[in-house]
Amino acid sequence: MSDLSLYRSGHLPPGFFARPADEVAPDLIGVTLLVDGVGGRIVEVEAYDQDEPASHGFRGPTERTKSLFGPPGRAYVHRSHGIHWCLNLVCGREGRAAAVLVRALEPTQGLEQMRARRGRDDPYLLCAGPGRVAQALGLTGANDGYRLDAPPFELLLGTAETDVATTPRIGITKAAELPWRFLDAHSRFVSRPRRRS
DNA sequence: GGTATGATTGACT
DNA sequence: GTCAATCATACCA
């Protein structure tokens, strides 16, 4: 990956995900994520890597994490707390567990469909949080392993520069100090405001 | 086999 | 702020 600006307002360039997750993650802020034409602009993500204990891949591949260890550019959709689904975008190379968790979108397309799926009207509660994102986009474990460069998925580069802030990750107890949460510094659609310093 | 723990959310005090 | 929901996985016996 060299110059993203060459691809502005188009699809993601080939090889975009074939990099370490903490390099891919900030580049995803401002990218539009759609599933069957419904979705919005990514404003918050977190990176996870096999070598740190917060990663689902830390203890090696399992039935649940096989797509996480698969080729980059695919979805890894896992259940959280037995209730919610969370969408990850697989990075790195096959055989290595690296992924970016999509934590929040600014809803831009298919608002009514997302409201119906979420059972809520407030646009700030449609996609603010990983479980909410998956629910709004209609994603479940059935979508685990799907390619991200083919329908129903679509990823489009943003057209404007985005100010990316970096903070520790949320909701984990291991490797909690790693600064691998990336967010649009000015967006109101993030799951939680930037941590006070 | 039993128990503890989540990459969370929504309801409630 | 606290806490239950709900289940696959991890870890210990």
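Chain identifiers are assigned alphabetically (A, B, ...) following the order of the sequence lines, protein sequences preceding nucleic acid strands; residue numbering begins at 1 within each chain.
The shortest distance between side-chain heavy atoms of A:Trp85 and A:Arg79 falls below 4.5 Å. Put simply, the side chain of A:Leu148 does not reach to within 4.5 Å of the side chain of A:Leu12, judged on heavy atoms.
Taking a pair to require two hydrogen-bonding distances under 3.5 Å in either a Watson-Crick or a G-U wobble arrangement, C:dA5 pairs with B:dT8. Nucleotide C:dC11 forms a pair with B:dG2, judged by Watson-Crick or G-U wobble geometry with both contacts under 3.5 Å.
Ranking B:dG6, C:dC11, B:dA7 by closeness to the A:Arg59 side chain, first place goes to C:dC11. Checked against B:dG6, B:dG10, B:dA7, the side chain of A:Arg132 finds its nearest nucleotide in B:dG10.
Across all strands shown, A:Leu101 has heavy atoms under 4.0 Å from base atoms, whether or not it also approaches the sugar-phosphate. A:Arg64 comes within contact range of the sugar-phosphate backbone alone, with a heavy-atom separation under 4.0 Å but no base atom that close.
In this structure, NE2 of A:His84 is placed 15 Å from P of C:dA8, rounded to the nearest angstrom. Regarding A:Arg79, its CZ atom lies at a distance of 11 Å from the P atom of C:dT6, rounded to whole Å. In this structure, A:Asn88 places its CG atom 17 Å from P of B:dG6, rounding to the nearest Å. Whole-Å rounding puts the A:Lys174 NZ to C:dA10 C1' distance at 9 Å. Atom NE2 of A:His56 and atom P of C:dC7 are 17 Å apart (whole Å). Atom C1' of nucleotide C:dA8 and atom CH2 of A:Trp85 are separated by 10 Å, given to the nearest angstrom. In this structure, A:Gln135 places its CD atom 15 Å from P of B:dT8, rounding to the nearest Å. Computed from coordinates, the A:His81 NE2 to C:dT9 P distance equals 15 Å when rounded to whole Å.
Taking side-chain N and O atoms only, A:Arg181 has no distance below 4.0 Å to OP1 or OP2 of B:dA7. Phosphate contact (OP1/OP2 of B:dA7, side-chain N/O of A:Ser55, threshold under 4.0 Å): absent. Here A:Arg192 does not reach the OP1 or OP2 of B:dA7: none of its side-chain N or O atoms lies under 4.0 Å away.
Remark: A:Arg64 does not engage A:Asp144 in a salt bridge, criterion side-chain N to carboxylate O under 4.0 Å. Ion pairing of A:Arg120 with A:Asp122 is absent here, as no side-chain N (NZ or NE/NH1/NH2) approaches a carboxylate O to less than 4.0 Å.
Here A:His78 does not count as stacked on B:dA7, because the ring centres are not under 5.5 angstrom apart with planes under 30°.
Annotation: cation-pi geometry not satisfied between A:Arg41 and A:Phe189 (NZ/CZ under 6.0 angstrom from ring centroid, within 45° of ring axis).
Nearest-nucleotide assignment on DNA chain B puts the 5′-proximal partner with A:Ile170, out of A:Arg120 and A:Ile170.
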